[in-house]
Amino acid sequence: MEKDSIAVGLDIGTTKIVAMIGRKNEYGKLEILGVGKSKSLGVARGVVNNITQTIQSIQQAVQEAEADSGYKINDVVVGIAGQHIRSIQHSDYISRNNPEEVIGDADIDMLINQVHKLAMLPGEEIIHVLPQEFKIDGQNEIKEPIGMYGGRLESSFHVVVGQASSIRNVGRCIKSSGLDLSGLTLEPLASADAVLSQEEKEAGVALIDIGGGTTDLAIFKDGIIRHTAVIPFGGNVITDDIKEGCSIIEKQAELLKVKFGSAWPGENKDNEIVSIPGLRGREPKEISLKNLSKIIHARVVEIIEQVFAEIKAYGHEDPRKKLIAGIVLTGGGAQLKHIKQLVEYITGMDTRIGYPNEHLAGNSDEEISSPLYATAVGLVMNSLRNHTQSATPLVELQKPAEQPVYRQPVLNTAAAEVVQGGYEEEDMETVTAQKENSRGDESTEKKVKRSFFDKYIDKIKDFLDNAE
């Protein structure tokens, strides 16, 4: 792994968009250089439904990550989810021209490319072709066929399929934000990279990623992906239920869920009450925490039962397919109080909350270790595997012509200040010199801005004086 390759992951979620820049440190751990987060306005249930708003949200997250890290983002690996995602099992084979030659990467690629030519339903596109187990001349259960001899190479595949239009819309948003798309990854697979250990994947584990708009499922057994599914419900549905059930606005419902919400109604006593400010001088509303947790409980049970139905569809009851490591919960919804106990109660399977901190460097910000960022961390790890140089230091962007056209030019001083946060001492002289050079230009610009602003304020004052 090249130590200096910089990777960028972009998690386009229903409630938030996260841009994350990272690289591998000398111990092989992921060092996060910068994170940008914005409210996701143009996405519903994992699918883009407003291009313009999504572009704005992406640009905001990207700018924040750039300011945080001192790097300019060039290309990103994006996570894809949504209810249009489905997975199928497929087997295929190739006959090799020369069985006396050992099997190499070219043979595997030929087999995978053959699967990519599968006829799909109208409007569908293959996102991933994931080989599971290989068979060579009838010999079963071969995990690594490279280096072996054989004439007929066969494999079972896990094929992930999605709506072509939804995938293209995501691509369009990335391009219009002034970025290149270096890869697409199914979000549950990215989350799995971030929070699951190899031992869990071997033993058999179900990863449940509870996001804002969707709940994603990925099942692993014997170290191989066996089943994926996207359920079109997430944390936002719980918020909507609270909003309707308590007759309050969405912002208050979300705060109630995060601060006082619990998935287990028995926890709250009848006399525990929260007072919510009324709208525009109306009386405050009193809400019983017991009723709140009943509303949350009903919806969480529905989501978990749908996920459990998918786990049963995979064949969890079959002793050979048993998921010994149980369930791992991640995503923003995994932070709901007592959700672990509820999942264990419904499924009867061991459950833990998945944090992406196993792969992160020791000095990482505590916030990044939250289940909320599992997908973004997984996408950065995915990007690192491509050995990409997805971001370049902002200090290199000295000529105004090189500024990206899609957003406000970064003043040299601003760039210098940003860079000071993340650079070695030897770079400081360049930065200081650059700061001195740009000081004159900046003061002129400030004067222009100030005079324009003063005029604007004067106009408002005149208007108010005349109105009196």
Quick one about [Y] and [X] (side-chain donor to acceptor, distance below 3.5 Å, no hydrogens or angles considered), yes or no?
X: Ser155; Y: Gln132; answer: no
X: Thr228; Y: His158; answer: yes
X: Asp92; Y: His90; answer: yes
X: Thr185; Y: Asn382; answer: yes
X: Tyr373; Y: Glu367; answer: yes
X: Ser191; Y: Thr375; answer: yes

Going through the distances and angles, do Lys72 and Glu66 end up as a salt bridge (charged side-chain N to carboxylate O under 4.0 Å, His left out)? CA-CA 6 Å; Lys72 181 195 172 295; Glu66 288 178 342; 5.2 Å; no

List the atom pairs, donor and acceptor, that lie under 3.5 Å between side-chain atoms in residues 163-172 and the rest of the protein, sequence neighbours left out.
unit_1 : atom_1 : unit_2 : atom_2 : d
Arg168 : NH2    : Glu125 : OE1    : 3.4
Asn169 : ND2    : Ser165 : O      : 3.4

Do [Y] and [X] meet the salt-bridge criterion of a basic N to acidic O distance under 4.0 Å?
X: Asp137; Y: Arg152; value: no
X: Lys175; Y: Asp180; value: yes
X: Glu200; Y: Arg352; value: yes
X: Lys257; Y: Glu254; value: yes
X: Lys201; Y: Asp193; value: yes
X: Glu202; Y: Lys221; value: no

Is any side-chain heavy atom of [X] closer than 4.5 Å to a side-chain heavy atom of [Y]?
X: Thr239; Y: Glu250; answer: yes
X: Met110; Y: Asn113; answer: no
X: Glu154; Y: Ile136; answer: no
X: Thr15; Y: Val43; answer: no
X: Pro371; Y: Leu329; answer: no
X: Ile51; Y: Cys173; answer: yes
X: Lys24; Y: Leu384; answer: yes
X: Leu372; Y: Lys37; answer: yes

How about [X]: does its [atom1] atom have over 12 heavy atoms from other parts shown lying under 6.0 Å from it?
X: Gln198; atom1: CD; answer: yes
X: Gln114; atom1: CD; answer: yes
X: Met120; atom1: CE; answer: yes
X: Asn97; atom1: CG; answer: no

Main-chain N/O of [Y] paired with [X] side-chain donor or acceptor, under 3.5 Å:
X: Ser40; Y: Gly13; value: yes
X: Arg96; Y: Gly150; value: yes
X: His84; Y: Ala81; value: yes
X: Asp365; Y: Ile368; value: no
X: Ser87; Y: His227; value: no
X: Glu344; Y: Thr351; value: yes

Give the intermediate values and the outcome of side chain to side chain donor-acceptor pair (under 3.5 Å) for residues Glu358 and Ser197. CA-CA 9 Å; Glu358 188 185 326; Ser197 67; 5.3 Å; no

To the closest 0.5 Å, what do you measure between [atom1] ([X]) and [atom2] ([Y])?
X: Ile73; Y: Ser390; atom1: CD1; atom2: OG; result: 9.0 Å
X: Ile208; Y: Ile303; atom1: CD1; atom2: CD1; result: 10.5 Å
X: Lys39; Y: Leu41; atom1: NZ; atom2: CG; result: 6.5 Å
X: Lys259; Y: Leu289; atom1: NZ; atom2: CG; result: 13.0 Å
X: Leu360; Y: Met381; atom1: CG; atom2: CE; result: 8.5 Å
X: Glu141; Y: Asp222; atom1: CD; atom2: CG; result: 8.0 Å

Stepwise, does the side chain to side chain contact (heavy atoms under 4.5 Å, CB included) test hold for Arg23 with Tyr71? CA-CA 12 Å; Arg23 67 176 169 209; Tyr71 281 83; 3.4 Å; yes

Heavy-atom closest pair, residues [X] and [Y]:
X: Val77; Y: Ser182; value: CG2-OG, 3.5 Å
X: Cys246; Y: Ile295; value: SG-CD1, 4.0 Å
X: Leu336; Y: Ala263; value: CD2-CB, 4.1 Å
X: Gly46; Y: Thr14; value: N-OG1, 2.9 Å
X: Phe233; Y: Thr215; value: O-OG1, 2.6 Å
X: Gly9; Y: Val380; value: N-CG2, 3.6 Å

Please assess Asp11 against Leu379 for the test side chain to side chain contact (heavy atoms under 4.5 Å, CB included), listing each intermediate value before the final yes or no. CA-CA 8 Å; Asp11 174 15; Leu379 290 169; 4.1 Å; yes

Can you tell me how the ring of Trp264 sits relative to the ring of Tyr345, calling it parallel under 30°, perpendicular over 60° and tilted otherwise?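 Plane angle over 60°, so perpendicular.
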
Determine, step by step, whether Arg86 and Glu124 satisfy the salt bridge (charged side-chain N to carboxylate O under 4.0 Å, His left out) criterion, reporting the C-alpha distance in whole Å, the side-chain angles of both residues, the deciding distance to 0.1 Å, and the verdict. CA-CA 10 Å; Arg86 67 185 183 96; Glu124 279 191 336; 2.8 Å; yes

Determine whether Asp209 and Thr330 satisfy the following criterion, side chain to side chain donor-acceptor pair (under 3.5 Å), listing intermediate values before the conclusion. CA-CA 5 Å; Asp209 184 347; Thr330 194; 5.4 Å; no

For Phe134, is the NZ or CZ atom of Lys143 found under 6.0 angstrom from the centre of its six-membered ring and inside 45 degrees of the ring axis?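 No, cation not above the ring by the 6.0 Å, 45° rule.
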
Could you check whether Arg226 makes a cation-pi contact with Phe220, meaning its NZ or CZ is under 6.0 Å from the centre of the six-membered ring and within 45° of the ring axis?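 Pair Arg226/Phe220 does not count as cation-pi.
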
I would like to know whether Ile17 and Val62 meet side chain to side chain contact (heavy atoms under 4.5 Å, CB included); could you show each step before the answer? CA-CA 9 Å; Ile17 289 178; Val62 164; over 6 Å; no

Is there a side chain to side chain contact (heavy atoms under 4.5 Å, CB included) between Leu323 and Met349 once you walk through the steps? CA-CA 9 Å; Leu323 303 178; Met349 294 163 76; 3.9 Å; yes

